[in-house]
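Data block below; observations after.
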Amino acid sequence: MSSDSNPARYWLLKSEPDVFSIDDLKRKQREGWDGVRNYQARNSLRDEMRPGDLVIFYHSSCAQPAAVGLARVDSEAQPDPTQFDPASDYHDPKSSPEDPRWWLRQIAYVHRFEQPVTLQAMKQWEDDLDFPLLRRGNRLSVMPVPAAAARRILRDAGLKPDQWMSS
DNA sequence: GCCAACGTTGGC
DNA sequence: GCCAACGTTGGC
């Protein structure tokens, strides 16, 4: 729940569907979003997200890059345990449990779009709405989504307002 | 598979 | 602190 003066924010999380898709999240219902190893994305995860914020789930590096569903931030920041695991691809020997470098959030499934909103379609918007995804060369895997862009995506995905507003 | 864009690393 | 080299991302 959020007050008018402190509205929920919107985020976009990229995932390669061959690795972890919206259907995987739907099946598991909740997932620790681990493996983020970029400082800007880390700062969003650790410092800026709040439980209850909505997440646009985006499929990248695939035949049809697109926003494919909705999720919700479902925890405070937690140290990403993969950074301490020498067997993990995400192991970071320079990090320590006393001063973790990488953080994650639990993400809860909300909805799988019946109509994905493709990157191609978003690029045809008459205005990029200051959406970082549409900026040239963008590589962030965790990014804020301006409210106007989030509304546009949800509308184009065929959702009505009462299907996504938190209650 | 190509390659533009960007982040990180490390020598100096 | 600069910056060239290198690695990664991700659309195409």
Side-chain angles (χ1 to χ4, degrees), chain A residues 9-28 31-49 53-71 73 77-107 109-158:
Chain A
R9 297 177 207 178
Y10 303 86
W11 303 93
L12 182 140
L13 295 183
K14 288 182 185 171
S15 188
E16 300 184 22
D18 291 347
V19 177
F20 191 80
S21 70
I22 186 68
D23 292 320
D24 293 324
L25 182 62
K26 183 174 184 177
R27 182 163 52 249
K28 296 188 72 173
E31 180 77 354
W33 203 261
D34 63 13
V36 173
R37 296 293 182 270
N38 167 283
Y39 286 101
Q40 191 175 346
R42 185 280 310 270
N43 292 345
S44 293
L45 277 174
R46 186 188 61 184
D47 305 331
E48 297 170 35
M49 285 181 176
D53 286 352
L54 282 172
V55 170
I56 308 281
F57 196 107
Y58 178 85
H59 282 172
S60 66
S61 295
C62 57
Q64 179 106 293
V68 294
L70 255 188
V73 175
Q78 305 164 356
D80 178 347
T82 63
Q83 70 196 305
F84 308 125
D85 177 3
S88 171
D89 288 345
Y90 302 122
H91 181 230
D92 184 350
K94 295 179 181 172
S95 187
S96 70
E98 295 73 30
D99 186 19
R101 179 177 296 185
W102 307 111
W103 297 74
L104 60 71
R105 297 281 181 152
Q106 299 296 324
I107 299 299
Y109 173 80
V110 174
H111 182 72
R112 182 188 191 283
F113 296 158
E114 291 169 17
Q115 309 165 225
V117 181
T118 66
L119 178 63
Q120 184 181 23
M122 291 188 256
K123 283 182 165 177
Q124 288 165 11
W125 292 352
E126 60 289 343
D127 182 343
D128 75 6
L129 303 176
D130 291 324
F131 187 15
L133 185 73
L134 303 179
R135 282 208 294 260
R136 181 178 175 81
N138 167 71
R139 288 168 33 185
L140 271 181
S141 65
V142 178
M143 70 180 75
V145 184
R151 283 193 299 269
R152 175 74 187 261
I153 289 168
L154 296 172
R155 189 195 77 192
D156 291 356

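By convention in this document, chain letters (A, B, ...) are assigned in the order of the sequence lines, proteins followed by strands, and residues within each chain are numbered from 1.
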Which of residues 80-88 of chain A sit near DNA chain C, with a heavy atom under 4.0 Å from it?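 Within residues 80-88 of chain A, no residue comes under 4.0 Å of DNA chain C.
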Can you find a heavy atom in the side chain of W103(A) that is under 4.5 Å from one in the side chain of D80(A)?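 No, their side chains stay 4.5 Å or more apart.
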Taking the side chain as everything from C-beta on, heavy atoms only, tell me whether P17(A) gets closer than 4.5 Å to C62(A).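 Heavy-atom side-chain distance check passes, below 4.5 Å.
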Exercise: do S96(A) and D99(A) side chains pair donor with acceptor under 3.5 Å: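 No, because no side-chain N or O of S96(A) sits under 3.5 Å from a partner of the opposite role on D99(A).
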Hey, what's the ring geometry for H59(A) with F57(A), parallel, tilted or perpendicular (30° and 60° as the breaks)?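 Judged by the thresholds at 30° and 60°, the geometry between H59(A) and F57(A) is perpendicular.
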F20(A) vs W33(A) aromatic rings, parallel, tilted or perpendicular, using cut-offs 30° and 60°?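 Plane angle over 60°, so perpendicular.
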When rounded to the nearest 0.5 angstrom, what is the spacing between CG in D34(A) and CD in Q78(A)?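 Answer for the CG-CD pair, D34(A) versus Q78(A), is 11.0 Å.
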Per-nucleotide protein contact string for nucleotides 7-12 of chain C (B base, S sugar-phosphate only, - none; heavy atom under 4.0 Å): BBBBSS
Give a yes or no answer on whether the side chain of Q83(A) reaches the backbone of S95(A) with a donor-acceptor pair at less than 3.5 Å.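 Not at all, since once roles are kept as given, no pair shorter than 3.5 Å links the two residues.
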